[in-house]
Structures are given as C-alpha cells and as structure tokens.
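Chain A is the first sequence line, chain B the second, and so forth, proteins listed ahead of strands; every chain is numbered from 1. It should be emphasised that the depicted structure is a prediction, and the values quoted were computed from it without experimental measurement.
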Number of protein chains: 2
Amino acid sequence: MPSQSSVDAKIEQLLTYMRSAGLKRTRQRELVARVVLGDNQHAKVEEIYAAARRIDPRVGYSTVYRTLRILKDAGLVVELQFGDGLTRYEPELGEHHHDHLICTSCRKIVEFESEEIEARQAEIAREHGFRVDSHKHELYGLCPDCQ
Amino acid sequence: MPSQSSVDAKIEQLLTYMRSAGLKRTRQRELVARVVLGDNQHAKVEEIYAAARRIDPRVGYSTVYRTLRILKDAGLVVELQFGDGLTRYEPELGEHHHDHLICTSCRKIVEFESEEIEARQAEIAREHGFRVDSHKHELYGLCPDCQ
DNA sequence: ATCACTGCAAATTATTTGCAACGCA
DNA sequence: TGCGTTGCAAATAATTTGCAGTGAT
C-alpha cells in the first residue's frame, strides 16, 4: 500500500488541480481522495463508499461518485471495468503503468507490466496518428487455482 | 463485412453449440446471430436490436440480450466496453484477434493488431500460470482529427 | 405433448440529477 | 456574503426477470 507521504503528495496535486478548476476543498472530497489514493486494490465504488463512511459517516453516495470523477479528471485515478458490471478505481501510478490478468472464475486480479508491450503500443499509436493518454490491457482466463 | 458464406459457417457452429447445450433453434435467435455475425462494426445492443427489427419486427429486447449471451458463451462474439456505458459486440475472428484505438473526443474506433504484443502477452500469462482465453487491449486518446 | 422460448411489463442495479440546506473562501 | 457543495430522494438508463402464451422437436 502507498506510503502516507505519497498519498499526501497526491492530495497536494489534487488541491492544485481543484484550485485551477475553481473547485473547493471540502472534508468529503479529501476523505474520498485519501481512501482511493491510499489503496490500490481496484476498489469498487461501493467499497470506497463504505471505507469512507467507516472513517466519517458524513458522506453520501453522490459525493463519492462526484469526487471520483474529479479524481479521474485530475488524472489521479484510473477507472476500470472488468466486465462484471462494477466500476473500479485505482490510483494512477504515473511512473510505470500496470495492466491486469483477471480470473473469470474466482475474479482474482493479478497485475503485470511489460515495457516491451508499452513500447510497441506507443509505436502503434504513432502509426495511426493518435495521441494516446491512457490505455487498458486485460487478459481474461483461469488462474492456477481455478483450472 | 464478412461474406455470406462465412456467416453461414458461423451459424452452423452456433447450431452445433445450441444442440450440445440443449437449446432450441428459433427464428429470433438466428436473426440476431446473423445481424451480429454479419457486421463487425462494434455494434451497440440498441443497434443490433434495431437492425434485427428492421428485418423482422417479431423480436424483443430481452431476446436480443439473451441471444447475445448465448453467442458469447458459444465463443462466437466478443463483448466490449469502451467506458461510455454502452456494451458493444463484434464477431470473434478466431485467427487474428484485433484490439482498439479509441478517440475520447469523437468516439472514433480504429482497429489494430500486433503479433509481437500477442506473443508477449501469452508469455506473461504463462509466467503467472494463467490459462487465458480472451483479452482486451484498448488505447484511449485523441485521433488525428481531434488533436 | 413437452419443455424451451418469446415478448411484455415490472424489477433490478449502477449512476446521475434536482433541490433546499450547508459551508468554504 | 456568495457561490460551490452536500445528502437525500427521485430520476435515468442498461440489463434482467417473472410469467402467461407460443413454438420447436
């Protein structure tokens, strides 16, 4: 899990973003941001909501959704959909992006990263004239335990 | 667009699958299957429904959804979600799988494929002991026109 | 004849929005 | 003080399901 100081640094980025966008700093927004940024377990919205309320129950679902959008717009979190109808969020790690291996039976999620793939990807985008700013790469199948 | 005969061949596969699963061949199922298998433009459910009804209005939304699930279970179509809340379907091409470049501004979708990435992917799955049977690889950004 | 399938309408589920009260700056 | 923000409840929107009637084998 991310260190306290790395979360603080991201909160700082968030505040800068909010200032530039004319958004206000509020207890709820900071709470939700700390919950999501402090845990990279592909949290479901419901889990984020529950975890935030455990710390301070004065937060509503709408605020969680609205704050997640702000965090996404600020480029601090990534939105993921693994095909089970639930949207998940995890902190954007900036440095090395990672992708996912998903077990279609037990729903276990394993992360992986490959510089080789990232490089080839960039090349493909260039060939098509695209300016890519995010990507998703997911492999679905059975994990060792479920085979 | 796929040739008539290649669609026929897939319908044949579908019938075999349905027989083995104890499912019945019906006018509606074959109609929906022909619509989806005969067009690989990442069709939205609504478009599939509309296209099917244009040919024969005796089909309901539930049947479209139910048939799409059968086609997916039979491995004949792939389900795609590009983050705009709409689920899309396209025929599974078996031979070379392709992936997508998506413009976040105009929603244009460009396909690409890379043997190099596929190979590296297989290697990664093997390293983690996963038996992968499908994957999604999507690059999001701005297309040349929207930059 | 049997048992799966169909369409419709109602139910479900994730997410968004209207709005009056509230709280940063 | 003023305008953005909040939580609630109601509204949406995509998908699923219950059920009585229909149809394939």
Side-chain angles (χ1 to χ4, degrees), chain A residues 11 14-36 42-74 77 79-89 107, chain B residues 11 14-36 42-74 77 79-89 107:
Chain A
I11 294 288
L14 173 61
L15 293 177
T16 303
Y17 170 81
M18 293 206 294
R19 226 169 287 129
S20 74
L23 302 172
K24 286 178 182 170
R25 167 183 204 160
T26 69
R27 175 173 34 83
Q28 291 88 332
R29 284 177 180 169
E30 191 165 333
L31 174 57
V32 173
R34 284 191 184 281
V35 167
V36 189
H42 336 91
K44 299 167 203 150
V45 179
E46 184 202 344
E47 294 170 341
I48 295 168
Y49 171 76
R53 284 184 80 101
R54 219 173 292 129
I55 298 173
D56 183 340
R58 293 173 296 169
V59 199
Y61 245 116
S62 351
T63 300
V64 171
Y65 274 108
R66 288 186 279 228
T67 305
L68 287 172
R69 174 165 308 169
I70 292 172
L71 286 166
K72 189 177 124 190
D73 291 346
V77 303
E79 198 179 75
L80 302 166
Q81 272 152 314
F82 293 150
D84 60 357
L86 299 176
T87 303
R88 291 145 204 263
Y89 291 85
R107 288 274 152 203
Chain B
I11 294 287
L14 174 60
L15 294 176
T16 302
Y17 171 80
M18 293 205 293
R19 226 169 288 129
S20 73
L23 302 173
K24 285 179 179 166
R25 167 183 203 159
T26 69
R27 175 173 35 81
Q28 291 89 332
R29 284 177 178 168
E30 190 165 335
L31 173 57
V32 173
R34 284 191 183 281
V35 167
V36 188
H42 332 92
K44 298 167 204 150
V45 179
E46 184 203 345
E47 293 170 342
I48 295 167
Y49 171 76
R53 284 185 78 102
R54 218 173 293 127
I55 298 171
D56 182 341
R58 294 174 294 169
V59 200
Y61 245 116
S62 352
T63 298
V64 171
Y65 275 108
R66 289 186 278 227
T67 305
L68 288 172
R69 172 163 310 169
I70 292 172
L71 287 166
K72 189 176 124 192
D73 292 345
V77 304
E79 197 179 77
L80 302 165
Q81 272 153 309
F82 294 151
D84 61 356
L86 300 176
T87 304
R88 291 144 204 264
Y89 292 85
R107 288 275 152 200

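Between the CZ atom of A:R66 and the P atom of C:dC19 there is a distance of 14 Å, given to the nearest Å. Rounded to a whole Å, the CZ atom of A:R19 is 13 Å from the C1' atom of C:dC24. Per the geometry, CD belonging to B:E46 stands 8 Å off P belonging to D:dA14, to the nearest Å. To the nearest angstrom, P of C:dG7 lies 10 Å from CG of B:L31. For A:K44 and C:dT13, the NZ to C1' distance is 15 Å, given to the nearest whole Å. Atom-to-atom, CZ of A:R27 to C1' of D:dT6 comes out at 9 Å; the value is rounded to the nearest Å. Atom OH in A:Y17 sits roughly 15 Å away from atom P in D:dG4 (whole-Å rounding). With rounding to whole Å, B:R58 atom CZ is found 12 Å from D:dT22 atom C1'.
Counting heavy-atom neighbours within 6.0 Å of A:R69 CZ, excluding the residue itself, gives a total of 12 or less.
Using a distance-only test at 3.5 Å, with no hydrogens or angles considered, no donor-acceptor pair links the side chain of A:R25 to the main chain of A:E30. With B:R29 contributing its side chain and B:K24 its backbone, the two residues share a donor-acceptor pair below 3.5 Å.
A side chain to side chain contact (heavy atoms under 4.5 Å, CB included) with B:R88 holds for exactly one of B:Q81, B:E47, B:E79, B:H42; it is B:H42.
Sequence order on DNA chain D of the closest nucleotides to B:L86 and B:S62 puts B:L86 first from the 5' end. Between B:R53 and B:L23, the one whose closest nucleotide on DNA chain C sits nearer the 5' end is B:L23.
Between B:T26 and C:dA4 there is no side-chain N or O to OP1 or OP2 distance below 4.0 Å. Residue B:R29 has a polar side-chain atom (N or O) positioned under 4.0 Å from OP1 or OP2 of C:dC5. Side-chain nitrogen and oxygen atoms of B:Y65 include none within less than 4.0 Å of the OP1 or OP2 phosphate oxygen of D:dT16. Considering only side-chain N and O atoms, A:Q28 lies under 4.0 angstrom from the phosphate OP1 or OP2 of D:dG7.
Across all strands shown, A:R69 has heavy atoms under 4.0 Å from sugar-phosphate atoms exclusively, and none from any base.
Here the side chains of B:L23 and B:Y17 are in contact, with some heavy-atom distance below 4.5 Å.
Here D:dT25 is the nucleotide among C:dA25, C:dT17, D:dT25 with the atom lying nearest to any side-chain atom of B:R25. Checking C:dC5, C:dG7, C:dA14 against every side-chain atom of B:K24, the shortest atom distance belongs to C:dC5.
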